[in-house]
Amino acid sequence: MMLVKEKSRCCGCTACKAVCPHDAIVMRRDVLGFPYPEILEDRCTQCGLCEKVCDFVKAHEPAPSAEEVTLSVYAARNKDNAALAESQSGGAFTALSDVVLSGSGAIYGAAMNDDFTVSHTRAVTAAERDRLRGSKYVQSDMGEVFRQVRKDLSEGREVMFTGTPCQNAGLASYIPERLKEGLVLVDFICHGVPSPAVWEDYVAYMGRKGSIDKVCFRDKTSGGWKVHNETFRYSGGKTLTRETFKVLFYKNIMLRHSCAVCPYHLGERKADITIADFWGIGEVMPEMDGDAGTSMVICHTEKGKALLDEAREKLNMIHVKLSGDFISRKNPNLFRPSRIYKDREIFEKEYAEKGFRHVARKWGDMGWRYKAWQLKVLIRRLTGRR
Ligand SMILES: Cc1cc2nc3c(=O)[nH]c(=O)nc-3n(C[C@H](O)[C@H](O)[C@H](O)COP(=O)(O)OP(=O)(O)OC[C@H]3O[C@@H](n4cnc5c(N)ncnc54)[C@H](O)[C@@H]3O)c2cc1C
Ligand code: SF4
Ligand code: SF4
Ligand code: SF4
């Protein structure tokens, strides 16, 4: 029996699975690869803990009006150029995690596995942490990570957890108050998580062109921080740059259902710190703009501020006050969920029936529709029409 009746009422955080004293919950993937909790009825004692722990369905406040908010934020860039090159934005994550690692703490975040799937994992060395760098634009498999975090905290280890706002909210709800002192939560502004199954099919499709050594969801070396392309590096040295997954991602056609009704806007975040791409930096601080990447860092708690203070020596950092209106124009998901594409249901159905290449041709960049659209944009640009 599924724990939730409606898919949009579950973000897949795994708090219910972790809290169940009888291991009566397993996460089952749907056709797009998104995990949902299923109750093994022969083990369930109806204790109700799984429903109680679920933060996603609790009552949430409406989002604050962007026009009425002024935000204190930091523009941050890691001083270590090698770390910056491997990071998605300005390398704020590396600087923050360096502080926790130096105190023998543990870092949790999303890593790419050898088969290019994405899972949350634990890191206690810089080399292990480096695998967590970079955005992987699919929902990560949480496995047993919530229980591992709790074990670390129970043993007195400091923990920095990084992930989507909903993963952070789920963890915050699962970890008992008495253990929270050693836990620092870091989330990001979240556009939504795309389908793991579509990603896996795409990698398999690109794998027909040779043996893939490395994949990057958004490679800074293919045009800089602001350009979003996937790269596939093959053994033998060949690199292919594509945008099929990016096109489907930004069309909002393969996001998890819960992302359409995400309650984790600015006012409902459970994290101590939010990190993000500092879109629009050139308009407020041209000196911090550039292809290398710049992070936006927002501290929500004293604990978050204290961690950022300790990370300061590794970062070039400038403080600025910005209107909510400015941030909402550049990075709207701090205030509201993404609007889902009208064909979301048809996409899922046709993906299940006809597979990856069909949907990539119909809605991605692989078919004539996309090429016709590109031609239209080009003609408009050349003729000066908008
Ligand atoms: C699905 C997704 C949607 C995003 N949407 C936006 C957005 O709308 N606006 C915006 O400004 N930024 C967004 N980001 C965040 C942004 O891409 C950068 O990850 C962020 O700015 C941190 O950059 P960095 O250089 O400090 O860290 P990096 O060194 O690049 O570290 C990346 C961090 O992200 C975590 N992470 C990576 N992939 C995942 C994943 N699949 N699930 C959970 N955690 C993950 C890692 O654990 C690590 O902590 C999104 C990221 C993801 C994964
Ligand atoms: S706790 Fe998380 S995984 Fe479980 S039902 Fe709620 S949102 Fe879904
Ligand atoms: S009701 Fe209790 S025993 Fe049953 S699945 Fe939920 S947490 Fe587990
Ligand atoms: S948009 Fe909301 S529900 Fe979707 S992954 Fe991000 S935080 Fe979770």
Side-chain angles (χ1 to χ4, degrees), residues 1-30 32-60 63 109-110 118 120 135-147 161-175 185-196 249-250 252-271 274-276 331-340 344:
M1 184 183 71
M2 298 312 285
L3 177 59
V4 288
K5 300 283 170 284
E6 277 171 59
K7 279 186 164 182
S8 63
R9 289 177 66 77
C10 171
C11 64
C13 70
T14 71
C16 51
K17 174 178 181 288
V19 84
C20 178
H22 304 290
D23 289 333
I25 293 185
V26 288
M27 302 300 288
R28 296 253 189 251
R29 279 167 55 123
D30 73 356
L32 290 174
F34 293 117
Y36 291 90
E38 182 184 322
I39 297 179
L40 306 173
E41 288 174 67
D42 55 334
R43 293 195 185 182
C44 175
T45 58
Q46 315 270 335
C47 69
L49 285 176
C50 51
E51 288 183 351
K52 208 167 141 213
V53 80
C54 183
D55 188 83
F56 196 84
V57 293
K58 285 182 185 154
H60 293 279
V118 176
H120 253 65
S135 294
K136 295 96 190 170
Y137 293 114
V138 288
Q139 181 157 29
S140 64
D141 180 347
M142 297 304 286
E144 296 295 325
V145 151
F146 276 22
R147 285 183 179 177
F161 176 87
T162 61
T164 61
C166 60
Q167 289 165 342
N168 275 278
L171 183 67
S173 182
Y174 164 67
I175 298 294
L185 297 171
V186 178
D187 68 9
F188 44 79
I189 299 181
C190 184
H191 184 80
V193 279
S195 155
F249 177 22
Y250 287 139
N252 297 346
I253 199 168
M254 57 165 181
L255 299 181
R256 192 178 170 101
H257 287 293
S258 54
C259 301
V261 291
C262 178
Y264 301 114
H265 52 73
L266 176 65
E268 281 291 289
R269 282 165 186 259
K270 304 297 184 294
T274 293
I275 53 179
N331 222 333
N333 297 116
L334 188 59
F335 291 93
R336 59 181 174 275
S338 291
R339 189 177 300 153
I340 302 303
R344 169 67 174 76

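Both counts, for ligands and for their atoms, begin at 1 and track the order of listing. Hydrogens, waters and symmetry mates are skipped; everything else that's a heavy atom, side chains included, is used.
With Tyr174 as the aromatic partner, Arg147 does not meet the cation-pi criteria of under 6.0 angstrom to the ring centre and within 45 degrees of the ring axis.
For the residue pair Tyr264 and Glu268, the shortest heavy atom distance occurs at CD2-O, 3.5 Å. Here the closest heavy-atom approach between residue Arg344 and residue His257 is recorded as NH2-NE2, 3.4 Å. Nearest heavy-atom pair, Tyr36 versus Val4, reported as atom, atom and distance to 0.1 Å: CD2-CG2, 4.4 Å.
Residue pairs meeting the salt bridge (Lys or Arg N to Asp or Glu O under 4.0 Å) criterion with at least one member in residues 46-59, sequence neighbours excluded: Asp55-Lys270. Pairs of residues two or more places apart, or lying in two chains, that qualify as side-chain hydrogen bond (donor to acceptor under 3.5 Å, both in side chains) and include a residue from residues 7-17 are Lys7-Asp30, Lys17-Glu144.
For His191 and Phe249, the ring centers sit closer than 6.0 Å to each other. For His120 and Phe161, the ring centers are positioned less than 6.0 Å apart.
Residues Arg29 and Pro196 are in side-chain contact: their nearest non-hydrogen atoms beyond the backbone lie under 4.5 Å apart.
When heavy-atom distances to ligand 4 are checked against 4.0 Å, the residues falling inside are Pro165, Cys166, Cys190, Gly192, Val193, Ser258, Cys259, Cys262, ordered by chain and number.
Atom SG of residue Cys16 and atom CG of residue Leu49 lie 11.0 Å apart, to the nearest 0.5 angstrom.
Protein N/O/S atoms closer than 2.8 Å to atom 6 (Fe) of ligand 3, listed by chain and residue number, are Cys50 SG.
Heavy atoms of Thr14 found under 4.0 angstrom from ligand 2 belong exclusively to the backbone.
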